Amino acid sequence: MSAWFALVEGRYEDVVTAARTGQAIAGQSSAMVQLTLQEARGLARIGDRREADKALSRGADILAKLPMPENSDHHFVFDHAKWIFYAATAYTWLEDNDRAEEHALDTIRMHTRPDGTSNAPMRVADAHIDLGIVHARRGDLDVLGQRVGDTPQLMLDQ
């Protein structure tokens, strides 16, 4: 929790420190994946692309070795969809627009039901925000306007 609190409070060096401290005792678990991705997010906020990429890769490698979760909706369980969601934001913060867009679109696709509602509305809303940032950087103002306009409605529809 220390890494999460540090992230939302803007103490990015503390995110990395807390995440690495937790990793030392987490073992091969969802907690280890979570801590590795929090490390990646802290590193992304600091702007350390190389180390953030390494942390994202480590998290994916650990996740690949874990059994499929019985309850992927549990807040503290990590699955492939949650990894993609976290990676989208990390890539957005790293200004890696192509990978950010790819992962954000995957997040939206994985969590949008056939009727247009979402089984993870906050993830989808965050993915739309990541896409909005990418489109703003690219100067795609028409697409940006659509994304920004869709995000509040997506949350209300849930």
Side-chain angles (χ1 to χ4, degrees), residues 1-134 150-151 154-155 157-158:
M1 295 302 294
S2 296
W4 173 251
F5 292 144
L7 183 67
V8 299
E9 292 170 355
R11 297 181 288 110
Y12 306 125
E13 291 85 4
D14 292 344
V15 174
V16 176
T17 300
R20 288 177 177 167
T21 299
Q23 289 171 50
I25 59 171
Q28 295 292 311
S29 64
S30 278
M32 176 64 101
V33 177
Q34 169 92 28
L35 289 163
T36 305
L37 292 177
Q38 291 294 30
E39 175 189 0
R41 291 169 74 165
L43 290 162
R45 279 302 208 185
I46 293 167
D48 190 337
R49 177 182 303 276
R50 194 175 119 259
E51 290 300 314
D53 276 334
K54 283 183 181 178
L56 285 165
S57 294
R58 279 196 326 272
D61 291 345
I62 296 163
L63 182 60
K65 295 173 186 168
L66 296 177
M68 292 297 291
E70 291 179 27
N71 180 8
S72 61
D73 291 334
H74 189 286
H75 182 73
F76 292 107
V77 171
F78 244 82
D79 63 1
H80 183 68
K82 193 178 284 188
W83 184 92
I84 290 174
F85 164 69
Y86 270 62
T89 299
Y91 290 133
T92 299
W93 292 342
L94 289 167
E95 299 184 22
D96 186 337
N97 294 332
D98 291 340
R99 289 198 291 180
E101 180 178 41
E102 173 190 345
H103 287 76
L105 288 171
D106 283 348
T107 296
I108 293 166
R109 182 182 43 76
M110 284 188 286
H111 293 295
T112 301
R113 297 179 186 123
D115 68 359
T117 62
S118 173
N119 66 350
M122 293 305 296
R123 285 187 198 177
V124 170
D126 282 353
H128 278 280
I129 291 167
D130 288 337
L131 286 173
I133 292 167
V134 167
D150 287 349
T151 300
L154 288 168
M155 294 176 72
D157 288 345
Q158 308 312 313

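Please read all numbers here as calculations on a predicted model, not as lab measurements.
Here the side chains of Asp53 and Tyr91 are in contact, with some heavy-atom distance below 4.5 Å. The shortest side-chain heavy-atom distance between Arg123 and Lys82 falls under the 4.5 Å cut-off. At least one side-chain heavy atom of Met110 sits less than 4.5 Å from a side-chain heavy atom of Ile84. Counting heavy atoms from C-beta outward, Val15 and Arg41 have side chains that stay 4.5 Å or more apart. Here the side chains of Ile108 and Leu131 are in contact, with some heavy-atom distance below 4.5 Å. Here the side chains of Asp98 and Glu102 are not in contact, with every heavy-atom distance at 4.5 Å or above. With a 4.5 Å cut-off on side-chain heavy atoms, His103 and Leu56 do not count as touching.
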Check your understanding: Going through the checks in order, is the side-chain contact (heavy atoms from CB on, under 4.5 Å) test met by Leu43 and Glu39?
Key -> CA-CA 6 Å; Leu43 290 162; Glu39 175 189 0; 3.7 Å; yes
Point to revise | Candidate pair Glu51 and Lys54, rule salt bridge (charged side-chain N to carboxylate O under 4.0 Å, His left out), full reasoning | key: CA-CA 5 Å; Glu51 290 300 314; Lys54 283 183 181 178; 3.2 Å; yes
Point to revise | Arg49 vs Asp96, side-chain contact (heavy atoms from CB on, under 4.5 Å): CA-CA, chis, key distance, verdict | key: CA-CA 9 Å; Arg49 177 182 303 276; Asp96 186 337; 3.5 Å; yes
Point to revise | Trace of the side-chain contact (heavy atoms from CB on, under 4.5 Å) decision for Ile62 with Gln28 | key: CA-CA 7 Å; Ile62 296 163; Gln28 295 292 311; 3.5 Å; yes
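For the atom pair Arg11 CZ and Ser2 OG, the distance stands at 8.0 Å (nearest 0.5 Å). One finds the CG atom of Leu94 at 8.5 Å from the CG atom of Asp48 (value rounded to the nearest 0.5 Å). In this structure, CH2 in Trp83 is found 10.0 Å from CG in Asp106, a value given to the nearest 0.5 Å.
Using modelled atom types and a 3.5 Å distance limit, the side chains of Gln34 and Tyr86 yield a donor-acceptor pair.
Contact record, His111 with Asn119: ND1-OD1, 2.9 Å, taken as the closest heavy-atom pair. Scanning both residues, Thr117 and Asp115, for their nearest heavy atoms gives OG1-OD1, 2.6 Å. Nearest heavy-atom pair across Ala52 and Ala44 is CB-N, 4.0 Å. Nearest heavy atom pair, residue Leu35 against residue Gly22, reads CD1-C, 3.4 Å. Contact detail for Ser118 and Val124: the closest heavy-atom pair is OG-CG2, 3.3 Å. Here the closest heavy-atom approach between residue Ala88 and residue Ala100 is recorded as O-CB, 3.8 Å.
Under the side chain to side chain contact (heavy atoms under 4.5 Å, CB included) rule, Leu63 has a single partner from Leu37, Thr36, Val33, which is Val33.
Ion pairing between a basic and an acidic side chain is recognised when a charged N comes within 4.0 Å of a carboxylate O; Arg58 and Asp61 show no such pairing.
Residues satisfying the salt bridge (charged side-chain N to carboxylate O under 4.0 Å, His left out) criterion with Glu95, sequence neighbours excluded, are absent altogether.
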